[in-house]
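Only this structure's heavy atoms are used, side chains among them; waters, hydrogens and symmetry mates stay out. Order of the sequence lines sets the chain letters (A, B, ...), proteins ahead of strands, with each chain counted from 1.
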There are 2 protein chains.
Amino acid sequence: MTPLFYREQEKFYVSVDCIILGFKDGKLYLLISKRKFEPQEGQDTLMGGFLRSDESLSETVSRVVLEYTGIQDVYMEQVGTYGEIGRDEGERVVSIAYYALIDLEMFDENVCEIHNARWEEVEKVGKLVFDHNQMLRDTIEILRRKTATQPIGFNLLPEKFTLPQLQALYEAIYQTTLDKRNFRKKILEMEILEKQDEKDKSSSKRGAFYYTFNKEKYDQLLQKGYYFSL
Amino acid sequence: MTPLFYREQEKFYVSVDCIILGFKDGKLYLLISKRKFEPQEGQDTLMGGFLRSDESLSETVSRVVLEYTGIQDVYMEQVGTYGEIGRDEGERVVSIAYYALIDLEMFDENVCEIHNARWEEVEKVGKLVFDHNQMLRDTIEILRRKTATQPIGFNLLPEKFTLPQLQALYEAIYQTTLDKRNFRKKILEMEILEKQDEKDKSSSKRGAFYYTFNKEKYDQLLQKGYYFSL
DNA sequence: ACAAAAGTGTTCAAAGTACACCCATGT
DNA sequence: ACATGGGTGTACTTTGAACACTTTTGT
């Protein structure tokens, strides 16, 4: 039963917008699609969905991400909430932005086609509807800060990855180039990566060793007060 | 006119909760009050208010902060949005948390009494209603990160402040002690503080020189690519 | 044999950290 | 005169940044 005081209040549409990011060939990609209803039908947009009363916010995000990528259990973080009065021209909508990091190898191309969705290089994204460009900018800023201090970048890579791949990922996020030796030294001395016996020969003749991220070791480090930093 | 697709969606109560922080005598204080309606009437709570359709989120925060402190134009930042289904036992409410930093010297004691509000040491805050303790924890974490990289701490101090005061502020935020000489060296070499001729004699016989934060100088530094860091 | 990416250490500069004494003033 | 908090500089350690050559292997 709704308390009396609440009933005097106004209600609002609440949506989530998802900044779904993937990484491939040294570049960050954003999943965008054409908006399927008015206003701004046909324009490029982030993936979004309205909050339902039987869902928490993160459940709404999971639903949207699953719908557009076919992937479950993705890493996600809240970016912020956008509540300007006129931000959605259709109606007053308060939107909570989340970013999700996915491994593009898990991505289902068919799901993509169904929704007219496509992967666009983050650096080449054009005008999106409403304040979605702002959401993307805010995401990149958060991602840069967060990847520098927490090992979340691995969510954008397959379970097994090579150090050149990992370095390329950081270079794509920071939009800079890093020194190979310094990068390897720093990431390896944290001892959170496990070297595998196999090599990835897809990008060189010599091949690069695969590594995996060892979450247990990382958690142990945290216990001891060490911090991830790159 | 509301687009058709929107009309099929559910609407929700949207509120803001404000983590209003002040600084005095070397300690951080949080403004809390007794909840004035059910559920959990009489329990300690953050300051909050429901979003109205003629307000943006930050306008709602400003309204709430003004109502409980009598202060306008406060520094505020979004902390995050809390949308678990059962977080508010009364009804489904999506709440956006903001923290606000205020100069306690500007604070109007009368406003406080009217609302049964009081300042509680952050380190001694007990159980608050719903997920308000989580909001406070998230705020402190954000505040620590943010004050280390941006000059926002000054919002908690009067326009004129002393270096011992400023150091005590950082010590309260980080819950640590800092070396006096290192602290002064670092903050002064940024050249964003203006030394005044007057001294504050309230806390020592010798007196400590007042300083003011020079925002123009700070902005110039930003232009040149320098960053604030402590 | 050569092209192309993977892998490897050392030196130098900068920043952070630790540390102890004198100063000014009200009582 | 003394107690109290304000103010100051240097040495050492740690961290970050720059930098070039050898290895492997498919063609």
Side-chain angles (χ1 to χ4, degrees), chain A residues 24-27 144-145 147-149 157-158 160-172 174-191 193-212 221 224-230, chain B residues 24-27 144-145 147-149 157-158 160-172 174 176-212 221 224-230:
Chain A
K24 200 180 172 188
D25 300 332
K27 291 184 206 118
R144 284 183 180 153
R145 187 165 30 71
T147 49
T149 55
L157 295 173
K160 293 179 192 174
F161 52 86
T162 68
L163 293 185
Q165 260 185 302
L166 185 63
Q167 180 176 345
L169 170 62
Y170 277 90
E171 290 178 334
Y174 299 137
Q175 286 290 295
T176 183
T177 56
L178 299 172
D179 181 275
K180 195 174 20 164
R181 282 169 291 188
N182 293 338
F183 178 83
R184 299 171 73 100
K185 194 193 317 168
K186 196 152 184 189
I187 193 86
L188 288 176
E189 76 189 5
M190 283 190 255
E191 299 188 318
L193 297 188
E194 302 281 358
K195 189 174 184 176
Q196 308 298 117
D197 295 328
E198 306 163 77
K199 281 183 166 186
D200 168 26
K201 296 223 167 191
S202 65
S203 65
S204 78
K205 289 154 189 175
R206 180 177 177 178
F209 280 104
Y210 280 117
Y211 286 78
T212 57
L221 281 186
K224 293 184 204 155
Y226 289 96
Y227 292 100
F228 179 93
S229 89
L230 241 170
Chain B
K24 199 178 174 189
D25 300 332
K27 291 183 206 122
R144 284 184 179 154
R145 188 167 28 69
T147 49
T149 55
L157 295 172
K160 292 180 192 173
F161 51 86
T162 67
L163 293 186
Q165 260 185 300
L166 185 62
Q167 180 177 343
L169 170 61
Y170 277 91
E171 290 178 333
Y174 300 139
T176 184
T177 56
L178 299 171
D179 181 273
K180 195 174 22 166
R181 280 170 291 192
N182 294 337
F183 178 83
R184 298 171 73 99
K185 194 193 314 169
K186 195 152 183 189
I187 194 84
L188 287 175
E189 77 189 4
M190 284 190 254
E191 298 187 319
I192 55 176
L193 298 187
E194 303 281 357
K195 189 174 183 175
Q196 307 297 119
D197 295 328
E198 307 162 77
K199 281 182 167 186
D200 168 27
K201 298 223 168 190
S202 65
S203 63
S204 78
K205 290 153 187 176
R206 179 177 178 176
F209 280 105
Y210 280 117
Y211 286 79
T212 58
L221 281 187
K224 294 185 204 154
Y226 290 96
Y227 293 100
F228 179 93
S229 87
L230 240 172

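Side-chain atoms of A:Q175 come within 3.5 Å of backbone atoms of A:A172 as a donor-acceptor pair (strictly under, hydrogens ignored).
Atom CD of A:E198 and atom P of C:dA6 are 17 Å apart (whole Å). One interatomic measurement links the two molecules: OH of B:Y226 to P of C:dA15, which rounds to 10 Å at whole-angstrom precision. Rounded to whole Å, the distance from CD on A:Q167 to P on C:dG7 is 11 Å.
Note that CZ of B:F161 is 12.0 Å distant from CG of B:D200, once rounded to the nearest 0.5 Å. Once rounded to the nearest 0.5 Å, the distance linking OG1 of B:T212 with CD1 of B:I192 reads 10.5 Å. Between the CG atom in B:L188 and the OH atom in B:Y211 there is a gap of 5.0 Å [rounded to 0.5 Å]. For the atom pair NZ of A:K195 and CG of A:L163, the computed distance is 8.5 Å after rounding to the nearest 0.5 Å. Note that CD of A:Q196 is 6.0 Å distant from NZ of A:K160, once rounded to the nearest 0.5 Å. Here OH of B:Y170 is found 10.0 Å from CG of B:L178. Values are rounded to the nearest 0.5 Å.
Comparing B:Y211 and A:K186, the nucleotide of DNA chain D nearest to each residue sits closer to the 5' end for B:Y211.
Summary of helix geometry: the two end axes of the helix from C:dA1-D:dT27 to C:dT27-D:dA1, each defined by five base pairs via their C1' atoms, are inclined to each other by 0° (rounded to 10°).
A:S229 meets the side chain to side chain donor-acceptor pair (under 3.5 Å) test with no other residue; sequence neighbours excluded. With sequence neighbours excluded, the residues satisfying side chain to side chain donor-acceptor pair (under 3.5 Å) with B:E194 are B:N214.
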## Note on the structure
Nucleotide by nucleotide, nucleotides 19-27 of chain C touches protein heavy atoms under 4.0 Å in the pattern (B base, S sugar-phosphate only, - none) BB--BBBB-
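With a heavy-atom cut-off of 4.0 Å to chain B, the contacted part of DNA chain D has its first and last nucleotide at D:dG5 to D:dT10.
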Compile the donor-acceptor pairs under 3.5 Å between side chains in residues 203-210 of chain A and protein atoms, sequence neighbours left out, one pair per line.
| unit_1 | atom_1 | unit_2 | atom_2 | d |
| --- | --- | --- | --- | --- |
| A:S204 | OG | A:G207 | N | 2.8 |

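Across all strands, B:T162 comes closer than 4.0 Å to no nucleic acid atom at all (heavy-atom distances).
Taking all atoms of both residues into account, the shortest heavy-atom contact from B:T149 to B:R145 is OG1-O, 3.3 Å.
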